[in-house]
Chemist: 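Let me give you the structure first, and then I'll get to my questions.
Predicted model, so just to flag it, every value in this text is computed and none were measured. Count residues from 1 along the sequence.
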Amino acid sequence: MNRQIAIIGSSGGNLYNLGGKDPRKLLQEILLQMESAGLICTALQFIAADASMDSAKAETEAALYSWNMSQGEPVILAKGTLQEVNEAAKRLDAEIAEQIELGEIDGIITMSADPEGCNRLAFEAAADHKLPVAGTGGTSMALLQSRGAYVISASGTTGTTNRTRAVAFVTSLSKHWRIPYRPVIGGSAAAAAGAADPQSPWKRINLRGMMMASLPGFIGMALILAASKIPGLSSLTAVFDLMIKGLPVILAVIAAKQISELDEVSIVAGIVAGILSVEGGIIGGMIGGIGAGIIVHYVFRKCVEWRFPATTVNIVAGGISGLIAGLFVYFLIAPVALAAGESVRSLIETLVSWSPAIAGLIAGLLIWPAIIGGVYHAAILPIVLLEMELTSNSFLGAVDMVGLVMVSAGITLANIIAPRDKGEAAVAAPGFAINMGFGTFVEAAYPFMFSNKLVFAGAIASAGLGGLLVGMFGVRGTAYVPSFLGPVTSNNTTGFLISMTASMLCSFLITFFVNKLSLYRDAKQTVSM
């Protein structure tokens, strides 16, 4: 038989700043973990105030959450001042106490409760019936223990998160009743129940996802470099140098967060590991973050199983995991990771130095097939980021801008000016605006490329031309920035501007004339019919 649980508490004082101000999110996390253990919520009394209980007054606005059995979710039972809500809570407290007396509740989860006020009757009944209680809130848990409640897990709130608290609660109750429970770290409890080991952090290692999520940091660095070239803003060069050192930390945090999915705990672990991995560059940062994410996952679970207080769980899991992974990179991996990054950059420079124009031409001709085939984000983007780590711009980044972004802009512009039908102009306009304004969304050209082989061939030819010019001018640049900033962020403003203009004009003219030819043929067929 599934155990029936009552959730009792409030948004609290310290808890208010650690999840209590968003009661629905806090409660949903607890319910998610309960579902994974087969626990059922049958009663809920949660007072959510609009301010911390440490400073709340009788007239502070508040809401009382209760459990709706038919809907199977929390609902607001009363709203008003804190004083009014407390009166409603006392009535609900009596109802929960009666449920306990009738044997309809098997255990209690509590957070920042009020054993001497709004929750007195429920906890007196729980103590009489020896119901297991798991909860947080230093003062309230001490009062519960002093009044004879059967507390199986008690902790303060400091350093906890919605997820770590919920996992600690459900783990304690599951161990007490000896029922199986696998913490739900990401996804749903149903998904957790249906997979062999859905929570394995090894399965969440996704280098492509880490690179893409970290890209804004690299773009921010490129924008700072561009701004530093403006007269009077040369002092930003020091900011640029600082940001380069921070890139491994960004990668480490993203990696740790994606792998462990433990919110603030994994973020702290990633920061600690990233700081210690700086000497290894972005490869070192990524390795440190992956290590931190994996370690924090297992350390967190073990600490909870050993019934460490929730605050201690967070401190140990976040701090110790980050230290272990970071020190491993610092002493053993950093030199190797840094050398690997240098090798990739050196290889690119060597290939380009043999024949810059041919290297640019080949890169331009291949970049559309690469992104369509899914190779771009897996292979090209990591190389671009490795190049950018050193100088904030790259050879392949420049080819990306001229071969993808500008070509897509040219194709969409042609379909705005000379569309085959009015509907295509409406489709093309947003794509062109994003291409020019943000340096991304090259997929806007797909509908026109895939519907006409000549436009597709023109896109590849235009990208080849742009790449050729990038090689000839020795340009290093980046995409993912507004097109007008692209030349400013490069090492050769004039050369990059010419390359961008040429590839965009080429794709525009090809698409323009292909559309005109298509319209002419359609008109001719109409006349002949």
Chemist: Checking side-chain contact (heavy atoms from CB on, under 4.5 Å) for the pair Ile498/Thr494: CA distance, chi angles, key distance, verdict?
Modeler: CA-CA 6 Å; Ile498 293 173; Thr494 303; 4.0 Å; yes
Chemist: Roughly how far apart are Ile282 CD1 and Ile287 CD1, rounded to 0.5 Å?
Modeler: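 Rounded to the nearest 0.5 Å, the CD1-CD1 separation comes to 11.0 Å.
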Chemist: Give the intermediate values and the outcome of side-chain contact (heavy atoms from CB on, under 4.5 Å) for residues Val329 and Leu276.
Modeler: CA-CA 7 Å; Val329 174; Leu276 292 171; over 6 Å; no
Chemist: Are any side-chain N or O atoms of Ser277 and backbone N or O atoms of Gly280, one a donor and one an acceptor, separated by less than 3.5 Å?
Modeler: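 Checked: no pair found.
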Chemist: Mind running side-chain contact (heavy atoms from CB on, under 4.5 Å) on Val427 and Glu424 for me, showing each step along the way?
Modeler: CA-CA 5 Å; Val427 172; Glu424 290 188 342; 5.5 Å; no
Chemist: Would you say that Met210 contacts Ile290 through its side chain, given a criterion of any heavy-atom pair below 4.5 Å between the two side chains?
Modeler: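 Contact flag for Met210/Ile290 side chains = yes.
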Chemist: With heavy-atom distances below 4.5 Å as the criterion, would you say the side chains of Thr511 and Thr412 are in contact?
Modeler: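 No, too far: nothing below the 4.5 Å cut-off.
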Chemist: Less than 4.5 Å apart, side chain to side chain, heavy atoms only: is that true for Phe169 and Thr136?
Modeler: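 Yes, their side chains come closer than 4.5 Å.
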Chemist: For the side chain of Asn492 and the backbone of Phe473, is there at least one donor-acceptor N/O pair under 3.5 Å apart?
Modeler: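 Confirmed, Asn492 side chain pairs with Phe473 backbone.
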Chemist: If you count the non-hydrogen atoms of other residues, nucleotides and ligands that lie under 6.0 Å from CG in Leu517, is the total more than 12?
Modeler: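 More than 12 within 6.0 Å, yes.
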Chemist: Could you grab the distance from atom OG of Ser507 to atom CZ of Phe448, nearest 0.5 Å is fine?
Modeler: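 These two atoms lie 12.0 Å from each other.
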Chemist: Is the count of non-hydrogen atoms from other residues, nucleotides or ligands lying under 6.0 Å from Tyr330 atom OH greater than 12?
Modeler: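 Not more than 12 within 6.0 Å, no.
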Chemist: Go through the steps to decide whether Val475 and Leu469 satisfy the test side-chain contact (heavy atoms from CB on, under 4.5 Å), and finish with yes or no.
Modeler: CA-CA 8 Å; Val475 175; Leu469 293 172; over 6 Å; no
Chemist: Supply the atom-to-atom distance Asn162 CG to Glu264 CD, rounded to the nearest 0.5 angstrom.
Modeler: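 The CD atom of Glu264 is 8.0 Å from CG of Asn162, to the nearest 0.5 Å.
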Chemist: Answer yes or no: is there a donor N or O on one side and an acceptor on the other, between the side chain of Ser503 and the main chain of Ala463, under 3.5 Å?
Modeler: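 Judged by distance alone, no pair lies under 3.5 Å.
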Chemist: Ser321 and Ile295: which non-hydrogen atoms are nearest, and at how many Å?
Modeler: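 Closest approach of Ser321 to Ile295, heavy atoms only: OG-CG2, 3.5 Å.
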Chemist: For Tyr446, give me all partners under ring-ring contact (aromatic ring centres under 6.0 Å, His included), at least two apart in sequence or on another chain.
Modeler: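 Here the qualifying residues are Phe450.
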Chemist: Going by heavy atoms in the side chains, are Leu32 and Glu29 under 4.5 Å from each other?
Modeler: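 Result yes, sub-4.5 Å side-chain heavy-atom pair found.
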Chemist: Using atom types as modelled, flag every donor-acceptor pair under 3.5 Å from a side chain in residues 400-410 to any protein atom, sequence neighbours excluded.
Modeler:
residue : atom : partner : partner atom : Å
Asp400  : OD2  : Tyr376  : OH           : 2.1
Ser408  : OG   : Asn435  : OD1          : 2.8
Ser408  : OG   : Val442  : O            : 3.3

Chemist: Restricting to non-hydrogen atoms, name the atom on Pro201 and the atom on Tyr298 that form the minimum distance, rounded to 0.1 Å.
Modeler: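 Heavy-atom minimum between the residues: CD-OH, 3.6 Å.
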Chemist: Out of curiosity, Ile294 CD1 to Arg204 CZ, how far, rounded to the nearest 0.5 Å?
Modeler: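 Answer for the CD1-CZ pair, Ile294 versus Arg204, is 10.0 Å.
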Chemist: Only distances under 3.5 Å count here; give the side-chain donor-acceptor pairs of residues 237-256 to other protein atoms, sequence neighbours excluded, each with its distance to 0.1 Å.
Modeler:
residue : atom : partner : partner atom : Å
Thr237  : OG1  : Ser234  : O            : 2.9

Chemist: Please name the pair of heavy atoms, one in Leu519 and one in Arg420, separated by the smallest distance, quoted to 0.1 Å.
Modeler: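 Closest pair (atom of Leu519, atom of Arg420, distance): CD2-O, 3.2 Å.
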Chemist: Working to the nearest 0.5 Å, report the span between OG1 of Thr489 and CZ of Phe496.
Modeler: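 CZ of Phe496 is found 6.5 Å from OG1 of Thr489.
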Chemist: Verify the neighbour count for atom CD of Glu61: are there more than 12 heavy atoms of other residues, nucleotides or ligands below 6.0 Å?
Modeler: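 It does: Glu61 CD has more than 12 such atoms within range.
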Chemist: Is there side-chain contact between Ser462 and Ile510, with heavy atoms separated by less than 4.5 Å?
Modeler: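 Yes - at least one pair of side-chain heavy atoms lies under 4.5 Å apart.
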Chemist: Is there side-chain contact between Pro430 and Phe441, with heavy atoms separated by less than 4.5 Å?
Modeler: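 A side-chain contact under 4.5 Å is absent here.
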Chemist: Going by heavy atoms in the side chains, are Pro74 and Phe46 under 4.5 Å from each other?
Modeler: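 No, too far: nothing below the 4.5 Å cut-off.
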Chemist: So, do Ile205 and Trp202 sit near enough that their side-chain heavy atoms are less than 4.5 Å apart?
Modeler: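 Result yes, sub-4.5 Å side-chain heavy-atom pair found.
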Chemist: Using only atom types and a distance under 3.5 Å, with no angle test, would you say the side chain of Ser490 pairs donor to acceptor with the backbone of Gly477?
Modeler: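 No, because the side chain of Ser490 does not come within donor-acceptor range (under 3.5 Å) of the backbone of Gly477.
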Chemist: For a quick test of reading the model, state the closest non-hydrogen atom pair linking Ser36 to Arg182 and the distance between them.
Modeler: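 In terms of heavy atoms, the two residues are closest at OG-O, 2.7 Å.
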Chemist: So which heavy atom on Ile76 is nearest to which on Ala63, and how close?
Modeler: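 Looks like CG2-CB, 4.3 Å.
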Chemist: With rounding to the nearest 0.5 Å, note down the distance linking CD1 in Ile367 to CD1 in Ile460.
Modeler: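 The CD1 atom of Ile460 is 11.5 Å from CD1 of Ile367, to the nearest 0.5 Å.
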Chemist: Within the distance-only criterion (no hydrogens, no angle test), does the side chain of Asn491 pair as donor or acceptor with the backbone N or O of Gly474 below 3.5 angstrom?
Modeler: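 Yes, because the side chain of Asn491 sits within donor-acceptor range (under 3.5 Å) of the backbone of Gly474.
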Chemist: For the residue pair Leu332 and Val336, what are the closest heavy atoms and their distance?
Modeler: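 The answer is O-CG2, 4.1 Å.
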